[in-house]
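Read the structure below first, then the notes.
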Amino acid sequence: MEGNLTKGPILKTLTKLAIPIMASSFLGTLYNITDMAWIGLLGSRAVAGVGVGGMFTWLSQGLASMARMGGQVQVAQCIGRGDREKAHGFAQAAVQLAAAMGMVYAILSLVFTKQMVGFFQLTDAEAHAAAMSYTRIACGLIVFSFMTLTLTGLYTAQGDSKTPFLANLIGLVTNMILDPVLILGSGPFPKLGVIGAAIATVMAQAIVMSIMVLAIIVRKKENVLKGIKLLAKIPEEYLSGICRIGIPTAIQGMAYCAISMVLTRMVSGYGAEAVATQRVGGQIESISWNTADGFAAALNAFIAQNYGAGKNDRVRKGYKAALWTVGVWGVLISLAFICFPNAIADIFFHEPKAIETAVGYLVIIGFSEAFMCVELTTVGALSGLGRTRLCSIISITFTSARIPLAIILGGMIGLSGIWWALSVTSIVKGIIFTCTFLWITRKRQVNKI
């Protein structure tokens with residue numbers, strides 16, 4: 001089976017798999033930053049509208065993670081055990097689930113767009129109109145995103161991270177070309193504004209998905225994705241196996257997004273500039289969390305394969321190598337946010353009040369970047385062991401604490417209090433997740449995992 005991660009030098013094997021995934025995640029960050037940079041030229045109201053619409057695409061990713069994580073972990077563990085038939089069965093079931101859930105989410109989004117956007121109580125008419133337009137297009141064609149995320153996970157489970165990277169690279173180039181053309185208008189193309197940004201993003205996602213599907217068909221390499229039948233009945237064994245691993249991850253992701261929606265509603269009380277800052281600040285911050293999430297995906301496949309093969313010593317060593325790598329990266333991002341907030345904010349905002357708000361966000365959130373990177377990496381490691389339920393419990397418990405903490409601190413120091421609620425809880429989660437993994441994988445307990 002291609003991409004055997006149970007042999008060879010641990011750091012070299014993990015790094016070889018991780019670098020393309022991290023690069024792909026970084027490309028995902030560039031997708032969003034490119035959109036925000038061009039939309040920023042339309043003003044903070046347009047940015048706020050896209051920020052609200054982006055909340056619902058983020059929510060969809062939590063749901064999509066059920067098929068992605070359940071499929072990736074099960075396929076990787078089957079590969080580690082040498083069971084190719086089951087690996088193919090889990091891969092097919094994951095793709096079928098992703099397609100079905102993507103279409104259902106799209107239909108619901110189109111039917112209830114008004115109610116979804118209305119939750120944020122945007123008082124500015126321009127921001128509200130932008131949110132409606134972006135949500136209809138981005139969520140109405142969300143199936144491409146669902147399929148892309150799941151296919152990426154299944155490629156990664158086999159140790160192939162290069163194909164998703166190349167697909168995402170082509171998608172990024174497409175997005176970078178389409179953004180200015182469709183947002184601002186060029187030549188025969190009219191100025192579409194926020195609508196243009198949504199179209200560019202959806203087209204890029206469709207291209208990424210198509211390239212990964214084409215690679216399955218054209219290549220002669222052994223691949224568990226070959227011969228998949230979308231309309232076949234999903235055997236109960238595969239469905240339950242994916243749901244057992246994937247549902248806690250989906251609940252965790254959707255709960256995290258729902259909590260952020262509540263916080264965004266609180267932030268909206270401070271004006272469109274505050275909402276725009278949260279949206280853009282999150283995209284800037286994704287430089288660290290997308291990279292950490294990419295390394296976590298590599299670690300997830302590495303640990304799942306080695307756990308399936310019974311090589312628990314490689315599980316522990318792989319985690320420690322990953323922890324040091326993302327920890328250093330997180331520290332560097334923290335230093336950049338804390339030391340150079342004005343330079344970063346000036347790239348995305350052109351209004352004094354918005355710049356001032358963004359600088360405050362970057363400095364406060366900067367203190368938690370290293371801890372957030374550690375948290376994401378550890379979640380990937382624990383999920384590789386099949387402990388997604390534990391991850392969900394810890395994450396939801398402490399992420400939920402952001403709401404009462406934001407209410408308390410917000411009442412004391414205003415908008416900065418909400419930013420501190422985000423930062424403090426990220427620090428706590430990073431520490432708790434690390435301690436949990438080290439406790440679970442102690443030598444005398446590793447065989448009971």
Side-chain angles (χ1 to χ4, degrees), residues 21 24-25 28-29 32 54-77 90-91 93-106 108-109 138-139 142-157 161 164 168 205 208-209 212 238-261 282 286 289-301 303-304 372 375-396 399 429 433:
I21 299 176
S24 294
S25 296
T29 301
N32 298 322
M55 280 288 178
F56 298 111
T57 60
W58 182 16
L59 180 66
S60 76
Q61 290 182 357
L63 182 60
S65 67
M66 185 180 101
R68 173 181 178 165
M69 184 60 73
Q72 179 173 323
V73 171
Q74 292 288 8
V75 168
Q77 289 189 0
F90 278 117
V95 172
Q96 289 176 291
L97 278 175
M101 291 190 298
M103 288 187 285
V104 170
Y105 190 90
L108 292 175
S109 296
C139 292
I142 201 70
V143 68
F144 298 123
S145 176
F146 272 66
M147 293 295 287
T148 296
L149 289 169
T150 302
L151 288 172
T152 297
L154 296 174
Y155 268 105
T156 303
S161 55
N168 277 285
Q205 291 169 347
V208 173
M209 183 200 75
M212 285 196 276
Y238 297 131
L239 181 61
S240 61
I242 289 176
C243 289
R244 178 173 57 83
I245 299 294
I247 286 179
T249 302
I251 293 173
Q252 176 185 332
M254 295 178 75
Y256 190 90
C257 182
I259 292 164
S260 294
M261 287 181 175
S286 67
W289 67 254
N290 258 352
T291 304
D293 196 43
F295 211 99
L299 183 63
N300 177 276
I303 285 181
M372 181 188 64
E375 173 200 345
L376 292 173
T377 302
T378 308
V379 168
L382 286 169
S383 297
L385 297 174
R387 302 299 291 267
T388 53
R389 184 181 300 175
L390 177 61
C391 292
S392 181
I393 292 171
I394 295 173
S395 182
I396 292 175
T399 304
K429 286 192 293 180
F433 268 113

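Once rounded to the nearest 0.5 Å, the distance linking CE of Met209 with CG of Leu151 reads 8.0 Å. Atom-to-atom distance recorded for Ser395:OG and Leu376:CG is 9.0 Å, nearest 0.5 angstrom. For the atom pair Gln96 CD and Thr150 OG1, the distance stands at 12.0 Å (nearest 0.5 Å). Distance check: Cys391 SG to Met69 CE gives 8.0 Å after rounding to the nearest 0.5 Å. The distance from atom OG1 of Thr378 to atom NZ of Lys429, rounded to the nearest 0.5 Å, is 12.0 Å. The distance from the CG atom of Leu63 to the CE atom of Met101 is 5.0 Å, given to the nearest 0.5 Å.
Looking at residues two or more places apart in sequence or on another chain, you find no ring-ring contact (aromatic ring centres under 6.0 Å, His included) involving Phe146. Partners of Ile394 under the side chain to side chain contact (heavy atoms under 4.5 Å, CB included) rule, at least two apart in sequence or in another chain, are Leu390, Phe398, Ile432, Phe433, Thr436. Under the ring-ring contact (aromatic ring centres under 6.0 Å, His included) criterion, Tyr105 pairs with no residue at all, not counting sequence neighbours. When the side chain to side chain contact (heavy atoms under 4.5 Å, CB included) test is applied to Ala91, the partners found at least two apart in sequence or on another chain are Val75, Leu154, Val224, Leu225. Checked against side chain to side chain donor-acceptor pair (under 3.5 Å), Ser65 has no partners two or more places apart in sequence or in another chain.
The two residues Thr249 and Ile245 make their nearest non-hydrogen contact at OG1-O, 3.5 Å. For Thr388 against Arg244, the heavy-atom pair with the smallest separation is OG1-O, 3.8 Å. Nearest heavy atoms, Ile242 versus Ala93: CD1-CB, 3.6 Å. Nearest heavy-atom pair, Leu385 versus Gln77, reported as atom, atom and distance to 0.1 Å: C-NE2, 4.2 Å. Closest approach of Ala98 and Met147 over heavy atoms only: CB-SD, 4.1 Å. Taking all atoms of both residues into account, the shortest heavy-atom contact from Ala301 to Gln72 is N-NE2, 4.0 Å.
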>> If you apply the rule side-chain contact (heavy atoms from CB on, under 4.5 Å), what do you find for Leu97 with Leu239, and how did you get there?
In response: CA-CA 9 Å; Leu97 278 175; Leu239 181 61; 3.9 Å; yes

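One N or O on the side chain of Gln74 and one on the backbone of Gly241 form a donor-acceptor pair closer than 3.5 Å.
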Distance-only check: which donor-acceptor pairs under 3.5 Å involve side-chain atoms of residues 55-62, not counting sequence neighbours?
residue	atom	partner	partner atom	Å
Thr57	OG1	Gly54	O	2.8
Ser60	OG	Thr57	O	2.5

